[in-house]
Amino acid sequence: MDQSALGVAGVRGMYYARLEQPAIPAWVDLIANRFNSDMASETYAMLGFSPAMREWVGGRQAKGFRDNGFTIVNKHFESTIEIRARDMRRDKTGQIMARVNEHADRADQHWASLLATLILNGQTTVCYDGQYFFDTDHSEGNSGTQSNSISVDISTLPATLHGSTTAPSIEEMQQAIVSGITQIGTFKDDQGEPMNENANSFLVLVPPSLSIVAGNAIAPAALGALAQNLNPAIKAGNSLQVQSSVRLGAWTDKFAVFRTDSAIKPFILQEETPVDVKVWDENSDHFKDNDSYKFGLDAWRNGGNGYWQRACLVTLT
């Protein structure tokens, strides 16, 4: 394609064409609800418990939305590249298109950055109940004290081969994953009713250093052997997958398990404006001063914590 004939309008078209092909990592939508926003911030009053069926005694007892929901404030994000006029004129090999496509993809991958930040900060940032997202003392109504941050002492596990907390054996990793799934199954709502009894799908999100052992731990042959004596939490028909994210590289001895088949997920991603393309063309002061174009991507968006009951942090000790 002749880039000199393409010009600024053509480059803008490249951006929009690429943005119509989402490059969002698959695990993002497995564990986050995505909502549109039309205000500076959104309050999620839905983050409370839907009532269970009860015997009709004394009339209906309607349960509304929370008076004090969880608020997420939209933030302005941008990313800008500069293309010199002479490069635009001389490029005949599609290098500009490659750069534009990469730039657009990074805008989509920003969702993973927002989500990974929430996960990494889960032990120090609060969720709707006022506790840290990953915490040992969540409590609402008749739920009792509940923990979605657990430790597994791998030295005590019944394994034929033992590893270390940063390099566990396959058997140890299997049992640690099961511990996280089992813990999610114990969570109750404010009436003492189980919240995840119909859970069938789980994601194990690990740092790169644990990706191989985690993948081997859920391999069909390994799960078949494990199911004979250690694995009541992984029932026939359950979906279990492992995803590794380099964004969690700070973790060396921990991973997170998430339920992925619930209506309300562990996290919320909201978007006030989709990615917009801004151009400083040949009529701009920037071009006149620098003989170069600028192409910027802008979006108003943010993320926040949803249901902590759909997640469990597992630390190997």
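Quick caveat, the model's predicted, so the values are computed rather than measured.
There is no path of hydrophobic side-chain contacts, each under 4.5 Å, that joins W280 to Y15. Under a hydrophobic-cluster definition in which Ile, Leu, Val, Met, Phe, Trp and Tyr are linked whenever side-chain heavy atoms come within less than 4.5 Å, directly or via other members, V8 and V100 are assigned to the same cluster. Clustering ILVMFWY residues whenever any of their side-chain heavy atoms sit less than 4.5 angstrom apart, transitively, puts M97 in the very cluster that holds V279. There is no path of hydrophobic side-chain contacts, each under 4.5 Å, that joins W300 to L114. Taking hydrophobic clusters as Ile, Leu, Val, Met, Phe, Trp and Tyr residues chained together by side-chain heavy-atom distances below 4.5 Å, F258 shares a cluster with I150.
Listed by first and then second residue, the ring-ring contact (aromatic ring centres under 6.0 Å, His included) pairs that reach into residues 136-156 are H138-W308, sequence neighbours excluded.
Checking N148 against Q183 by side-chain atom types alone, no donor-acceptor pair falls below 3.5 Å. Side chain to side chain, T43 and T71 meet the donor-acceptor criterion of an N or O pair below 3.5 Å. With no hydrogens or angles considered, no side-chain donor-acceptor pair links Q309 and N196 at under 3.5 Å. A donor-acceptor contact under 3.5 angstrom links the side chains of T160 and E171, judged on distance only. For the residue pair Q241/S239, the side-chain donor-acceptor check at 3.5 Å is not satisfied.
A donor-acceptor pair is defined here as one N or O able to donate and one able to accept, closer than 3.5 Å; such a pair exists between the side chain of N305 and the backbone of V126. The main-chain N or O of S201 is found under 3.5 Å from a side-chain atom of T260 such that the two form a donor-acceptor pair. Between the side chain of N33 and the backbone N or O of K265 there is at least one donor-acceptor pair closer than 3.5 Å. In this structure, N290 contributes its side chain and S292 its backbone to no donor-acceptor pair below 3.5 Å. Here the side chain of D298 pairs no donor or acceptor atom with the backbone of D276 at under 3.5 angstrom. Between the side chain of Q146 and the backbone N or O of K188, at least one donor-acceptor pair lies under 3.5 Å. Distance alone, capped at 3.5 Å, is enough to place a donor-acceptor pair between the N200 side chain and the N198 backbone. Within the 3.5 Å criterion, the main-chain N or O of S139 finds no donor-acceptor partner in the side chain of S143. A donor-acceptor contact shorter than 3.5 Å links the side chain of R310 to the backbone of I264. Distance alone, capped at 3.5 Å, places no donor-acceptor pair between the S244 side chain and the S211 backbone.
The nearest pair of heavy atoms linking P266 to I31 is CD-O, 3.1 Å. Nearest heavy-atom pair across V73 and N302 is O-ND2, 2.6 Å. The heavy-atom pair separating F255 from L205 by the smallest distance is CB-O, 3.5 Å. Scanning all heavy atoms of the two residues, the minimum distance from D108 to Q21 falls at OD2-O, 4.1 Å. Residues Q243 and L203 come closest through the heavy atom pair CG-CD1, 3.4 Å. Across all non-hydrogen atoms, the minimal contact from D105 to A23 is OD1-CB, 3.7 Å.
Surrounding CZ of R99 are at most 12 heavy atoms belonging to other residues, nucleotides or ligands under 6.0 Å away. Within a 6.0 Å radius of CG in L120, other residues, nucleotides and ligands contribute more than 12 heavy atoms.
Ring pair Y293/F287 is tilted by interplanar angle, where 30° to 60° counts as tilted.
For the pair W111/D29, no side-chain contact is recorded, criterion being any heavy-atom separation below 4.5 Å from C-beta on. Taking the side chain as every heavy atom from C-beta outward, R106 and S79 never approach each other to under 4.5 Å.
To the nearest 0.5 Å, atoms OG1 (T252) and CG (L210) are separated by 8.0 Å. Interatomic distance, Q95 CD to I83 CD1, rounded to the nearest 0.5 Å: 11.0 Å. Note that CZ of F202 and CG of L30 are 13.0 Å apart. Values are rounded to the nearest 0.5 Å. The CG atom of L297 sits 6.5 Å away from atom CG of L19, with the distance rounded to the nearest 0.5 Å. The CH2 atom of W27 sits 7.0 Å away from atom CZ of R247, with the distance rounded to the nearest 0.5 Å. Taking CG of L115 as the reference point, atom OG of S245 lies at 9.0 Å (rounded to 0.5 Å).
Taking the six-membered ring for Trp, H110 and F77 have ring centres closer than 6.0 Å.
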Check against side-chain contact (heavy atoms from CB on, under 4.5 Å), Y307 and M195: CA-CA 11 Å; Y307 260 169; M195 290 193 64; 4.0 Å; yes
From CA spacing to verdict: side-chain contact (heavy atoms from CB on, under 4.5 Å), M173, V206: CA-CA 11 Å; M173 192 68 183; V206 300; 4.2 Å; yes
Worked verdict on L240 versus I181 for side-chain contact (heavy atoms from CB on, under 4.5 Å): CA-CA 10 Å; L240 181 61; I181 294 173; 3.9 Å; yes
Residues D281, R12; criterion side-chain contact (heavy atoms from CB on, under 4.5 Å); working and verdict: CA-CA 11 Å; D281 61 15; R12 188 199 298 266; 5.8 Å; no
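Take Y132 and apply the ring pair (Phe, Tyr, Trp, His ring centres under 6.0 Å) test, not counting sequence neighbours, and it matches no residue.
Each of E42, Q270, R301 was scored for a side-chain hydrogen bond (donor to acceptor under 3.5 Å, both in side chains) with N74, with one residue passing: Q270.
A salt bridge is absent between E82 and K294: the closest approach of a Lys/Arg side-chain nitrogen to an acidic carboxylate oxygen does not fall below 4.0 angstrom.
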